[in-house]
Amino acid sequence: ERLDGRTFSRQRLLVVANRLPVSAIRRGEDSWSLEISAGGLVSALLGVKEFEARWIGWAGVNVPDEIGQKALTKALAEKRCIPVFLDEDIVHQYYNGYCNNILWPLFHYLGLPQEDRLATTRSFQSQFAAYIKANQMFADVVNKHYKDGDVVWCHDYHLMFLPKCLKEYNSDMKVGWFLHTPFPSSEIHRTLPSRSDLLRAVLAADLVGFHTYDYARHFVSACTRILGFEGTPEGVEDQGRLTRVAAFPIGIDSERFIRALEIHPVQVHIKELQETFAGRKVMLGVDRLDMIKGIPQKLLAFEKFLEENSDWRGKVVLLQIAVPTRTDVPEYQRLTSQVHEIVGRINGRFGTLTAVPIHHLDRSLDFPALCALYAVTDVALVTSLRDGMNLVSYEFVACQDLKKGVLILSEFAGAAQSLGAGAILVNPWNITEVANAIARALNMSPEEREKRHWHNFTHVTTHTAQEWAETFVSELNDTVVEAQLRIKQ
Ligand code: ADQ
(Lines give C-alpha, C1' and ligand atoms only; values in the text may rest on other atoms or scores of the structure.)
Protein backbone atom coordinates (compact mmCIF):
# COMPACT_ATOMS: atom_id res chain seq x y z
CA GLU A 1 0.00 0.00 0.00
CA ARG A 2 1.13 3.55 -0.76
CA LEU A 3 1.15 6.43 1.71
CA ASP A 4 -2.12 7.80 0.38
CA GLY A 5 -3.87 4.53 1.08
CA ARG A 6 -4.09 3.42 -2.55
CA THR A 7 -2.80 -0.01 -3.37
CA PHE A 8 -0.57 -0.79 -6.31
CA SER A 9 -3.23 -2.76 -8.07
CA ARG A 10 -5.33 -0.67 -10.41
CA GLN A 11 -8.06 1.19 -8.65
CA ARG A 12 -11.60 0.33 -9.76
CA LEU A 13 -13.50 3.23 -11.22
CA LEU A 14 -17.28 3.01 -11.42
CA VAL A 15 -18.38 5.45 -14.10
CA VAL A 16 -22.07 6.22 -13.75
CA ALA A 17 -23.84 8.00 -16.59
CA ASN A 18 -27.43 8.05 -17.80
CA ARG A 19 -26.53 6.09 -20.94
CA LEU A 20 -24.14 3.18 -21.20
CA PRO A 21 -21.68 3.59 -24.08
CA VAL A 22 -23.34 0.77 -26.04
CA SER A 23 -26.23 0.31 -28.41
CA ALA A 24 -28.14 -2.85 -27.60
CA ILE A 25 -30.32 -4.62 -30.17
CA ARG A 26 -32.46 -7.55 -29.14
CA ARG A 27 -31.99 -10.53 -31.44
CA GLY A 28 -34.19 -13.06 -29.63
CA GLU A 29 -35.78 -13.82 -26.27
CA ASP A 30 -32.41 -14.24 -24.60
CA SER A 31 -29.94 -12.87 -27.11
CA TRP A 32 -28.60 -9.40 -27.65
CA SER A 33 -26.09 -7.83 -29.96
CA LEU A 34 -24.06 -4.97 -28.61
CA GLU A 35 -22.02 -2.26 -30.20
CA ILE A 36 -19.74 0.01 -28.21
CA SER A 37 -20.24 3.63 -29.20
CA ALA A 38 -16.87 5.32 -29.11
CA GLY A 39 -17.87 8.64 -27.57
CA GLY A 40 -15.41 11.00 -25.93
CA LEU A 41 -15.89 9.58 -22.46
CA VAL A 42 -15.24 6.01 -23.60
CA SER A 43 -12.01 6.80 -25.36
CA ALA A 44 -10.97 9.02 -22.46
CA LEU A 45 -11.27 6.16 -20.04
CA LEU A 46 -9.83 3.54 -22.37
CA GLY A 47 -6.69 5.62 -22.53
CA VAL A 48 -6.33 5.78 -18.76
CA LYS A 49 -4.13 2.91 -17.68
CA GLU A 50 -4.19 3.68 -13.98
CA PHE A 51 -7.82 2.67 -13.43
CA GLU A 52 -9.98 -0.26 -14.23
CA ALA A 53 -13.21 1.32 -15.42
CA ARG A 54 -16.67 -0.20 -15.22
CA TRP A 55 -19.76 1.50 -16.58
CA ILE A 56 -23.13 1.74 -14.92
CA GLY A 57 -26.09 3.18 -16.81
CA TRP A 58 -29.25 2.69 -18.83
CA ALA A 59 -28.85 0.70 -22.04
CA GLY A 60 -31.38 2.89 -23.87
CA VAL A 61 -33.93 0.10 -24.35
CA ASN A 62 -37.00 -0.98 -22.46
CA VAL A 63 -36.60 -4.59 -21.27
CA PRO A 64 -39.72 -5.49 -19.28
CA ASP A 65 -39.10 -9.26 -19.00
CA GLU A 66 -36.72 -11.03 -16.66
CA ILE A 67 -35.27 -13.35 -19.33
CA GLY A 68 -34.33 -10.36 -21.48
CA GLN A 69 -32.85 -8.49 -18.51
CA LYS A 70 -30.72 -11.46 -17.47
CA ALA A 71 -29.42 -12.01 -20.99
CA LEU A 72 -28.62 -8.34 -21.47
CA THR A 73 -26.86 -8.13 -18.11
CA LYS A 74 -24.70 -11.10 -19.09
CA ALA A 75 -23.85 -9.70 -22.53
CA LEU A 76 -23.01 -6.30 -21.08
CA ALA A 77 -20.75 -7.80 -18.42
CA GLU A 78 -18.32 -8.80 -21.18
CA LYS A 79 -18.01 -5.12 -22.08
CA ARG A 80 -17.56 -4.16 -18.42
CA CYS A 81 -20.99 -2.55 -18.43
CA ILE A 82 -23.69 -2.90 -15.78
CA PRO A 83 -27.27 -1.99 -16.72
CA VAL A 84 -29.85 0.02 -14.81
CA PHE A 85 -33.31 -1.00 -16.04
CA LEU A 86 -35.76 1.87 -16.35
CA ASP A 87 -39.36 1.31 -17.39
CA GLU A 88 -41.11 3.38 -20.05
CA ASP A 89 -42.96 5.62 -17.63
CA ILE A 90 -39.80 6.50 -15.70
CA VAL A 91 -37.94 7.19 -18.93
CA HIS A 92 -40.75 9.46 -20.05
CA GLN A 93 -40.95 11.42 -16.79
CA TYR A 94 -37.30 11.39 -15.74
CA TYR A 95 -35.38 11.45 -19.02
CA ASN A 96 -37.69 13.16 -21.54
CA GLY A 97 -39.38 15.21 -18.85
CA TYR A 98 -37.21 16.46 -16.04
CA CYS A 99 -33.80 16.02 -17.71
CA ASN A 100 -34.44 17.09 -21.27
CA ASN A 101 -37.43 19.37 -20.94
CA ILE A 102 -36.46 21.17 -17.73
CA LEU A 103 -32.78 20.90 -16.79
CA TRP A 104 -31.26 20.90 -20.31
CA PRO A 105 -32.96 24.15 -21.49
CA LEU A 106 -32.50 25.83 -18.12
CA PHE A 107 -28.78 25.08 -17.92
CA HIS A 108 -28.39 26.50 -21.45
CA TYR A 109 -30.18 29.75 -20.53
CA LEU A 110 -33.33 28.89 -22.48
CA GLY A 111 -35.45 29.13 -19.33
CA LEU A 112 -38.16 26.85 -17.97
CA PRO A 113 -40.97 25.63 -20.27
CA GLN A 114 -43.32 28.49 -21.08
CA GLU A 115 -46.50 26.80 -22.31
CA ASP A 116 -49.38 26.47 -19.93
CA ARG A 117 -47.64 27.26 -16.70
CA LEU A 118 -50.15 25.48 -14.48
CA ALA A 119 -49.85 22.22 -16.38
CA THR A 120 -46.08 22.54 -16.28
CA THR A 121 -46.12 23.10 -12.54
CA ARG A 122 -48.24 20.04 -12.00
CA SER A 123 -46.20 17.81 -14.27
CA PHE A 124 -43.08 19.36 -12.82
CA GLN A 125 -43.87 17.74 -9.46
CA SER A 126 -44.32 14.28 -10.91
CA GLN A 127 -41.30 14.65 -13.18
CA PHE A 128 -39.14 15.68 -10.26
CA ALA A 129 -40.40 12.70 -8.24
CA ALA A 130 -39.49 10.44 -11.17
CA TYR A 131 -36.06 12.07 -11.36
CA ILE A 132 -35.36 11.28 -7.71
CA LYS A 133 -36.71 7.76 -8.16
CA ALA A 134 -34.50 7.15 -11.21
CA ASN A 135 -31.43 8.48 -9.38
CA GLN A 136 -32.24 6.12 -6.51
CA MET A 137 -32.40 3.22 -8.98
CA PHE A 138 -28.92 4.12 -10.27
CA ALA A 139 -27.70 4.33 -6.66
CA ASP A 140 -29.08 0.86 -5.88
CA VAL A 141 -27.10 -0.65 -8.75
CA VAL A 142 -23.91 1.25 -7.82
CA ASN A 143 -24.25 0.17 -4.23
CA LYS A 144 -24.70 -3.46 -5.21
CA HIS A 145 -21.46 -3.45 -7.22
CA TYR A 146 -19.37 -1.16 -5.03
CA LYS A 147 -16.33 -2.55 -3.23
CA ASP A 148 -14.19 -0.78 -0.62
CA GLY A 149 -11.58 1.40 -2.29
CA ASP A 150 -13.57 1.96 -5.51
CA VAL A 151 -13.99 5.44 -6.89
CA VAL A 152 -17.47 6.41 -8.09
CA TRP A 153 -17.63 9.05 -10.80
CA CYS A 154 -21.15 10.36 -11.55
CA HIS A 155 -21.82 12.21 -14.79
CA ASP A 156 -24.04 15.01 -15.85
CA TYR A 157 -27.33 16.73 -15.12
CA HIS A 158 -29.28 13.46 -15.24
CA LEU A 159 -27.68 12.33 -12.00
CA MET A 160 -27.55 15.32 -9.69
CA PHE A 161 -29.29 13.38 -6.93
CA LEU A 162 -26.94 10.43 -7.16
CA PRO A 163 -24.15 11.72 -4.85
CA LYS A 164 -26.69 12.18 -2.04
CA CYS A 165 -28.25 8.72 -2.57
CA LEU A 166 -24.80 7.09 -2.60
CA LYS A 167 -23.56 8.83 0.54
CA GLU A 168 -26.73 7.75 2.33
CA TYR A 169 -25.78 4.17 1.56
CA ASN A 170 -22.16 4.58 2.56
CA SER A 171 -20.63 7.84 3.75
CA ASP A 172 -17.12 6.50 3.06
CA MET A 173 -17.76 6.02 -0.64
CA LYS A 174 -15.49 8.25 -2.74
CA VAL A 175 -17.94 10.14 -4.93
CA GLY A 176 -17.20 12.66 -7.67
CA TRP A 177 -19.72 14.42 -9.92
CA PHE A 178 -18.97 16.14 -13.21
CA LEU A 179 -21.30 18.36 -15.26
CA HIS A 180 -20.93 18.25 -19.05
CA THR A 181 -23.25 21.22 -19.69
CA PRO A 182 -22.75 24.78 -18.50
CA PHE A 183 -23.85 25.57 -14.97
CA PRO A 184 -25.86 28.77 -15.44
CA SER A 185 -25.72 32.01 -13.51
CA SER A 186 -27.25 31.64 -10.04
CA GLU A 187 -30.02 34.02 -11.18
CA ILE A 188 -31.12 31.41 -13.72
CA HIS A 189 -30.74 28.48 -11.35
CA ARG A 190 -32.89 30.34 -8.79
CA THR A 191 -35.95 30.00 -11.02
CA LEU A 192 -35.95 26.21 -10.72
CA PRO A 193 -38.57 25.06 -8.18
CA SER A 194 -36.28 22.29 -6.89
CA ARG A 195 -33.19 24.54 -6.86
CA SER A 196 -32.17 23.84 -3.23
CA ASP A 197 -32.74 20.08 -3.25
CA LEU A 198 -30.58 19.68 -6.34
CA LEU A 199 -27.72 21.78 -4.98
CA ARG A 200 -27.72 19.95 -1.65
CA ALA A 201 -27.75 16.58 -3.41
CA VAL A 202 -24.73 17.49 -5.55
CA LEU A 203 -22.88 18.87 -2.52
CA ALA A 204 -22.97 15.41 -0.95
CA ALA A 205 -20.17 14.51 -3.41
CA ASP A 206 -16.53 14.87 -2.35
CA LEU A 207 -15.54 16.57 -5.58
CA VAL A 208 -17.70 18.53 -8.02
CA GLY A 209 -16.26 19.36 -11.45
CA PHE A 210 -17.14 21.66 -14.35
CA HIS A 211 -15.59 22.44 -17.74
CA THR A 212 -14.74 26.06 -16.92
CA TYR A 213 -14.03 28.34 -13.96
CA ASP A 214 -17.13 30.37 -14.83
CA TYR A 215 -19.43 27.37 -14.42
CA ALA A 216 -17.72 26.47 -11.13
CA ARG A 217 -18.11 30.05 -9.92
CA HIS A 218 -21.81 30.08 -10.89
CA PHE A 219 -22.33 26.88 -8.92
CA VAL A 220 -20.58 28.23 -5.84
CA SER A 221 -22.64 31.46 -6.07
CA ALA A 222 -25.84 29.43 -6.32
CA CYS A 223 -24.85 27.54 -3.14
CA THR A 224 -24.00 30.70 -1.24
CA ARG A 225 -27.04 32.70 -2.38
CA ILE A 226 -29.68 30.00 -2.35
CA LEU A 227 -28.47 27.78 0.51
CA GLY A 228 -26.56 30.39 2.51
CA PHE A 229 -23.46 28.15 2.57
CA GLU A 230 -19.96 29.56 2.50
CA GLY A 231 -18.00 29.79 -0.75
CA THR A 232 -14.23 29.36 -0.31
CA PRO A 233 -11.39 29.17 -2.86
CA GLU A 234 -11.57 25.40 -2.38
CA GLY A 235 -15.30 24.99 -2.90
CA VAL A 236 -18.41 25.13 -0.73
CA GLU A 237 -18.40 24.75 3.05
CA ASP A 238 -21.27 23.98 5.34
CA GLN A 239 -20.77 23.42 9.08
CA GLY A 240 -17.18 22.37 8.65
CA ARG A 241 -17.82 19.99 5.75
CA LEU A 242 -16.13 21.02 2.52
CA THR A 243 -17.24 19.97 -0.96
CA ARG A 244 -14.40 20.63 -3.29
CA VAL A 245 -15.44 22.46 -6.49
CA ALA A 246 -13.07 22.92 -9.43
CA ALA A 247 -12.73 23.23 -13.20
CA PHE A 248 -11.62 20.22 -15.26
CA PRO A 249 -11.83 21.14 -18.96
CA ILE A 250 -12.45 17.99 -20.99
CA GLY A 251 -10.38 17.16 -24.08
CA ILE A 252 -10.48 14.54 -26.85
CA ASP A 253 -8.41 11.48 -27.66
CA SER A 254 -6.46 13.54 -30.19
CA GLU A 255 -4.20 10.61 -31.17
CA ARG A 256 -7.22 8.66 -32.38
CA PHE A 257 -8.06 11.42 -34.88
CA ILE A 258 -4.47 12.03 -35.96
CA ARG A 259 -3.89 8.31 -36.55
CA ALA A 260 -7.18 7.98 -38.44
CA LEU A 261 -5.95 10.39 -41.11
CA GLU A 262 -3.26 7.87 -42.05
CA ILE A 263 -5.57 4.93 -42.65
CA HIS A 264 -6.65 3.92 -46.13
CA PRO A 265 -10.47 4.36 -45.95
CA VAL A 266 -10.06 7.88 -44.57
CA GLN A 267 -7.59 8.79 -47.29
CA VAL A 268 -10.00 7.47 -49.92
CA HIS A 269 -12.77 9.65 -48.44
CA ILE A 270 -10.45 12.66 -48.39
CA LYS A 271 -9.64 12.21 -52.06
CA GLU A 272 -13.30 11.89 -53.02
CA LEU A 273 -14.22 15.03 -51.10
CA GLN A 274 -11.33 16.98 -52.60
CA GLU A 275 -12.46 16.00 -56.09
CA THR A 276 -16.10 16.81 -55.39
CA PHE A 277 -15.35 20.27 -54.03
CA ALA A 278 -12.36 21.14 -56.21
CA GLY A 279 -12.15 24.88 -56.82
CA ARG A 280 -14.39 25.70 -53.87
CA LYS A 281 -13.59 26.48 -50.25
CA VAL A 282 -15.23 24.08 -47.79
CA MET A 283 -16.94 25.33 -44.66
CA LEU A 284 -18.19 22.80 -42.12
CA GLY A 285 -20.73 22.56 -39.30
CA VAL A 286 -21.15 19.32 -37.31
CA ASP A 287 -23.74 19.41 -34.56
CA ARG A 288 -26.46 17.48 -32.88
CA LEU A 289 -29.65 19.13 -34.10
CA ASP A 290 -30.34 20.97 -30.85
CA MET A 291 -31.45 24.55 -30.15
CA ILE A 292 -28.30 25.16 -28.14
CA LYS A 293 -26.12 24.68 -31.24
CA GLY A 294 -27.39 27.85 -32.98
CA ILE A 295 -27.84 26.19 -36.38
CA PRO A 296 -30.45 28.70 -37.70
CA GLN A 297 -28.18 31.57 -36.61
CA LYS A 298 -25.26 29.94 -38.44
CA LEU A 299 -27.29 29.60 -41.65
CA LEU A 300 -28.52 33.19 -41.48
CA ALA A 301 -24.96 34.42 -41.05
CA PHE A 302 -23.86 32.38 -44.07
CA GLU A 303 -26.77 33.85 -46.06
CA LYS A 304 -25.70 37.37 -45.10
CA PHE A 305 -22.14 36.57 -46.08
CA LEU A 306 -23.31 35.45 -49.55
CA GLU A 307 -25.49 38.53 -49.87
CA GLU A 308 -22.62 40.85 -49.15
CA ASN A 309 -19.80 39.00 -50.88
CA SER A 310 -21.07 38.27 -54.37
CA ASP A 311 -17.54 37.41 -55.56
CA TRP A 312 -17.55 34.40 -53.22
CA ARG A 313 -20.81 32.95 -54.60
CA GLY A 314 -20.14 29.62 -56.27
CA LYS A 315 -16.68 29.49 -54.70
CA VAL A 316 -17.63 28.34 -51.23
CA VAL A 317 -19.82 25.55 -49.92
CA LEU A 318 -21.16 25.00 -46.40
CA LEU A 319 -21.54 21.37 -45.35
CA GLN A 320 -23.86 21.19 -42.37
CA ILE A 321 -24.08 17.75 -40.77
CA ALA A 322 -26.79 17.69 -38.13
CA VAL A 323 -27.56 14.48 -36.23
CA PRO A 324 -31.20 14.41 -35.19
CA THR A 325 -31.73 13.94 -31.46
CA ARG A 326 -34.81 13.83 -29.24
CA THR A 327 -36.92 13.53 -32.40
CA ASP A 328 -40.15 12.85 -30.49
CA VAL A 329 -40.05 16.28 -28.82
CA PRO A 330 -42.20 18.90 -30.68
CA GLU A 331 -39.66 21.68 -30.13
CA TYR A 332 -36.96 19.64 -31.85
CA GLN A 333 -39.34 18.84 -34.71
CA ARG A 334 -39.99 22.57 -35.13
CA LEU A 335 -36.26 23.24 -35.18
CA THR A 336 -35.76 20.63 -37.92
CA SER A 337 -38.44 22.26 -40.10
CA GLN A 338 -37.00 25.71 -39.46
CA VAL A 339 -33.52 24.58 -40.50
CA HIS A 340 -34.86 22.89 -43.63
CA GLU A 341 -36.77 26.01 -44.55
CA ILE A 342 -33.75 28.28 -44.23
CA VAL A 343 -31.50 25.89 -46.15
CA GLY A 344 -34.12 25.67 -48.93
CA ARG A 345 -34.41 29.44 -49.14
CA ILE A 346 -30.64 30.03 -49.30
CA ASN A 347 -30.10 27.30 -51.88
CA GLY A 348 -32.99 28.69 -53.89
CA ARG A 349 -31.51 32.18 -53.78
CA PHE A 350 -27.86 31.40 -54.41
CA GLY A 351 -27.81 27.96 -56.05
CA THR A 352 -27.23 27.28 -59.74
CA LEU A 353 -28.37 24.40 -61.89
CA THR A 354 -25.22 22.50 -61.03
CA ALA A 355 -24.29 23.59 -57.51
CA VAL A 356 -25.88 24.69 -54.22
CA PRO A 357 -24.14 26.69 -51.48
CA ILE A 358 -25.38 24.51 -48.59
CA HIS A 359 -25.31 20.73 -48.31
CA HIS A 360 -27.38 19.83 -45.30
CA LEU A 361 -27.50 16.28 -43.95
CA ASP A 362 -29.85 15.17 -41.19
CA ARG A 363 -27.74 12.32 -40.01
CA SER A 364 -24.73 11.06 -38.20
CA LEU A 365 -21.50 10.21 -40.00
CA ASP A 366 -19.24 7.28 -39.25
CA PHE A 367 -15.79 7.97 -37.83
CA PRO A 368 -13.75 7.70 -41.09
CA ALA A 369 -16.19 9.99 -42.95
CA LEU A 370 -16.16 12.50 -40.10
CA CYS A 371 -12.34 12.61 -39.95
CA ALA A 372 -12.12 13.05 -43.73
CA LEU A 373 -14.57 15.94 -43.60
CA TYR A 374 -12.64 17.65 -40.83
CA ALA A 375 -9.45 17.21 -42.83
CA VAL A 376 -10.72 18.84 -46.06
CA THR A 377 -12.40 21.78 -44.31
CA ASP A 378 -11.09 25.32 -44.75
CA VAL A 379 -13.31 26.98 -42.17
CA ALA A 380 -15.24 25.30 -39.34
CA LEU A 381 -18.24 27.14 -37.93
CA VAL A 382 -19.31 26.50 -34.34
CA THR A 383 -22.11 28.88 -33.35
CA SER A 384 -23.49 27.35 -30.14
CA LEU A 385 -25.75 29.70 -28.19
CA ARG A 386 -24.44 27.88 -25.10
CA ASP A 387 -22.32 24.73 -24.97
CA GLY A 388 -20.59 23.08 -22.02
CA MET A 389 -17.37 22.64 -24.00
CA ASN A 390 -17.96 21.65 -27.68
CA LEU A 391 -15.77 18.79 -28.77
CA VAL A 392 -16.41 19.29 -32.48
CA SER A 393 -14.07 22.28 -32.38
CA TYR A 394 -11.35 20.11 -30.78
CA GLU A 395 -11.84 17.31 -33.33
CA PHE A 396 -11.59 19.76 -36.24
CA VAL A 397 -8.32 21.18 -34.90
CA ALA A 398 -6.86 17.68 -34.43
CA CYS A 399 -7.51 16.85 -38.12
CA GLN A 400 -6.13 20.09 -39.60
CA ASP A 401 -2.44 19.36 -39.72
CA LEU A 402 -2.33 19.73 -43.50
CA LYS A 403 -4.73 22.57 -44.21
CA LYS A 404 -4.36 24.71 -41.09
CA GLY A 405 -7.97 25.80 -41.47
CA VAL A 406 -9.69 28.47 -39.45
CA LEU A 407 -12.06 27.86 -36.54
CA ILE A 408 -14.90 30.33 -36.04
CA LEU A 409 -16.10 29.67 -32.52
CA SER A 410 -18.95 30.98 -30.40
CA GLU A 411 -17.81 32.82 -27.31
CA PHE A 412 -20.62 30.96 -25.47
CA ALA A 413 -19.00 27.54 -25.90
CA GLY A 414 -16.72 26.41 -23.07
CA ALA A 415 -14.09 25.79 -25.77
CA ALA A 416 -13.81 29.56 -26.30
CA GLN A 417 -11.81 29.66 -23.06
CA SER A 418 -9.25 27.14 -24.29
CA LEU A 419 -9.17 27.74 -28.07
CA GLY A 420 -9.96 31.46 -27.94
CA ALA A 421 -6.49 32.63 -28.91
CA GLY A 422 -6.38 30.53 -32.08
CA ALA A 423 -10.01 30.78 -33.15
CA ILE A 424 -12.01 33.77 -34.36
CA LEU A 425 -14.47 34.26 -31.52
CA VAL A 426 -17.97 35.45 -32.34
CA ASN A 427 -21.29 36.23 -30.71
CA PRO A 428 -23.61 33.89 -32.65
CA TRP A 429 -26.60 36.20 -32.08
CA ASN A 430 -24.82 38.89 -34.07
CA ILE A 431 -25.38 37.71 -37.66
CA THR A 432 -23.32 40.60 -39.12
CA GLU A 433 -20.36 39.77 -36.90
CA VAL A 434 -20.45 36.10 -37.90
CA ALA A 435 -20.80 37.00 -41.61
CA ASN A 436 -17.75 39.26 -41.31
CA ALA A 437 -15.84 36.50 -39.50
CA ILE A 438 -16.57 34.15 -42.42
CA ALA A 439 -15.13 36.68 -44.87
CA ARG A 440 -12.11 37.20 -42.66
CA ALA A 441 -11.49 33.47 -42.28
CA LEU A 442 -11.76 32.80 -46.02
CA ASN A 443 -9.35 35.62 -46.82
CA MET A 444 -6.85 34.92 -44.02
CA SER A 445 -3.17 34.73 -44.97
CA PRO A 446 -1.44 31.33 -44.72
CA GLU A 447 0.95 32.76 -42.08
CA GLU A 448 -1.85 33.86 -39.79
CA ARG A 449 -3.71 30.58 -40.30
CA GLU A 450 -0.61 28.60 -39.40
CA LYS A 451 0.02 30.64 -36.25
CA ARG A 452 -3.55 30.27 -35.08
CA HIS A 453 -3.66 26.59 -35.92
CA TRP A 454 -0.53 25.79 -33.94
CA HIS A 455 -1.89 27.54 -30.93
CA ASN A 456 -5.00 25.37 -30.95
CA PHE A 457 -3.26 22.18 -32.07
CA THR A 458 -0.84 22.38 -29.15
CA HIS A 459 -3.73 22.80 -26.76
CA VAL A 460 -5.80 19.96 -28.21
CA THR A 461 -2.89 17.50 -28.23
CA THR A 462 -1.71 18.30 -24.72
CA HIS A 463 -5.05 18.68 -22.91
CA THR A 464 -6.47 15.32 -23.85
CA ALA A 465 -9.42 13.32 -22.61
CA GLN A 466 -7.05 10.90 -20.88
CA GLU A 467 -5.40 13.74 -19.00
CA TRP A 468 -8.82 15.08 -18.04
CA ALA A 469 -9.98 11.75 -16.60
CA GLU A 470 -6.71 11.15 -14.74
CA THR A 471 -6.72 14.63 -13.25
CA PHE A 472 -10.31 14.35 -12.05
CA VAL A 473 -9.88 10.96 -10.44
CA SER A 474 -6.56 11.74 -8.76
CA GLU A 475 -7.99 15.00 -7.46
CA LEU A 476 -10.92 13.02 -6.07
CA ASN A 477 -8.55 10.61 -4.31
CA ASP A 478 -6.54 13.52 -2.89
CA THR A 479 -9.67 15.37 -1.76
CA VAL A 480 -10.82 12.38 0.25
CA VAL A 481 -7.38 11.90 1.85
CA GLU A 482 -7.25 15.60 2.80
CA ALA A 483 -10.75 15.45 4.28
CA GLN A 484 -9.73 12.44 6.41
CA LEU A 485 -6.63 14.30 7.64
CA ARG A 486 -8.75 17.32 8.54
CA ILE A 487 -11.08 15.15 10.61
CA LYS A 488 -8.13 13.57 12.46
CA GLN A 489 -6.63 16.96 13.37
P1 ADQ B 1 -22.68 17.36 -27.14
O2 ADQ B 1 -23.72 18.41 -26.95
O3 ADQ B 1 -23.13 16.13 -27.81
O4 ADQ B 1 -21.95 16.98 -25.77
P5 ADQ B 1 -20.02 17.98 -28.44
O6 ADQ B 1 -19.09 18.28 -27.34
O7 ADQ B 1 -19.80 18.85 -29.63
O8 ADQ B 1 -21.54 18.15 -28.05
O9 ADQ B 1 -19.81 16.47 -28.84
C10 ADQ B 1 -20.54 15.91 -29.90
C11 ADQ B 1 -19.89 14.60 -30.32
O12 ADQ B 1 -20.78 13.97 -31.24
C13 ADQ B 1 -18.58 14.82 -31.02
O14 ADQ B 1 -17.68 13.80 -30.64
C15 ADQ B 1 -18.93 14.71 -32.51
O16 ADQ B 1 -17.93 14.15 -33.30
C17 ADQ B 1 -20.14 13.82 -32.50
N18 ADQ B 1 -21.06 14.26 -33.57
C19 ADQ B 1 -21.79 15.38 -33.60
N20 ADQ B 1 -22.47 15.45 -34.76
C21 ADQ B 1 -22.13 14.36 -35.47
C22 ADQ B 1 -22.49 13.86 -36.77
N23 ADQ B 1 -23.33 14.49 -37.56
N24 ADQ B 1 -21.96 12.70 -37.15
C25 ADQ B 1 -21.10 12.04 -36.35
N26 ADQ B 1 -20.73 12.46 -35.15
C27 ADQ B 1 -21.23 13.60 -34.71
C28 ADQ B 1 -22.08 17.37 -24.39
C29 ADQ B 1 -22.09 18.88 -24.12
C30 ADQ B 1 -20.84 19.52 -24.73
C31 ADQ B 1 -19.59 18.85 -24.15
C32 ADQ B 1 -19.68 17.33 -24.26
C33 ADQ B 1 -18.54 16.65 -23.50
O34 ADQ B 1 -23.27 19.49 -24.65
O35 ADQ B 1 -20.82 20.91 -24.48
O36 ADQ B 1 -18.46 19.30 -24.85
O37 ADQ B 1 -20.91 16.84 -23.73
O38 ADQ B 1 -18.48 17.05 -22.17
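Remember, it's 1-based here, ligands and their atoms both numbered in the order they're listed.
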Any atoms of ligand 1 less than 4.0 Å from a non-hydrogen atom of [X]? List them with their elements.
X      : result
Arg288 : 1 (P), 2 (O), 3 (O)
Gly388 : 35 (O)
Leu365 : 22 (C), 24 (N), 25 (C)
Val392 : 7 (O), 15 (C)
Arg363 : 23 (N)
Ile321 : 23 (N)

- Query: Any idea which of Lys293, Gln320, His180, Glu395 brings a heavy atom closest to atom 8 (O) of ligand 1?
  - Reply: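 Minimum heavy-atom distance to atom 8 (O) of ligand 1 goes to Lys293.
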- Task: Can you figure out which of Asp287, Thr181, Asp387 has its heavy atom closest to atom 34 (O) of ligand 1?
- Result: Asp387
Plane angle bin for [Y] and [X] - parallel if under 30°, tilted between 30 and 60°, otherwise perpendicular:
X      : Y      : answer
Phe367 : Phe257 : perpendicular
Phe128 : Phe161 : perpendicular
Tyr394 : His459 : perpendicular
Tyr131 : Tyr94  : tilted

- Task: May I ask you to test the Thr327-Tyr332 pair for a side-chain heavy-atom distance under 4.5 Å?
- Result: no
- Message: Using side-chain heavy atoms (C-beta onward) and a distance below 4.5 Å, is Val323 in contact with Arg363?
- Response: no
Could you tell me whether some N/O pair between [X] and ligand 1 is separated by less than 3.5 angstrom?
X      : answer
Ile250 : no
Leu391 : yes
Met389 : yes
Trp104 : no

- Query: Does NZ or CZ of Arg386 fall inside the cone over Tyr109's six-membered ring, less than 6.0 Å from its centre and within 45° of the axis?
  - Reply: yes
- Do Arg326 and Trp104 meet the cation-pi criteria used here (NZ or CZ under 6.0 Å from the six-membered ring centre, within 45° of the axis)? yes
- Between Asp150 and Gln11: side-chain donor-acceptor atoms closer than 3.5 Å: no
Give the contacting part of [X] toward ligand 1: side chain, backbone, both or neither, where contact means a heavy-atom distance below 4.0 Å.
X      : answer
Leu370 : side chain
His211 : side chain
Phe178 : neither
His155 : neither

- Is any NZ, NE, NH1 or NH2 atom of the basic residue among Glu262 and Arg259 found under 4.0 Å from an Asp or Glu carboxylate oxygen of the other?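 Looking at Arg259 together with Glu262, the answer is no, because their closest N to O distance does not fall below 4.0 Å.
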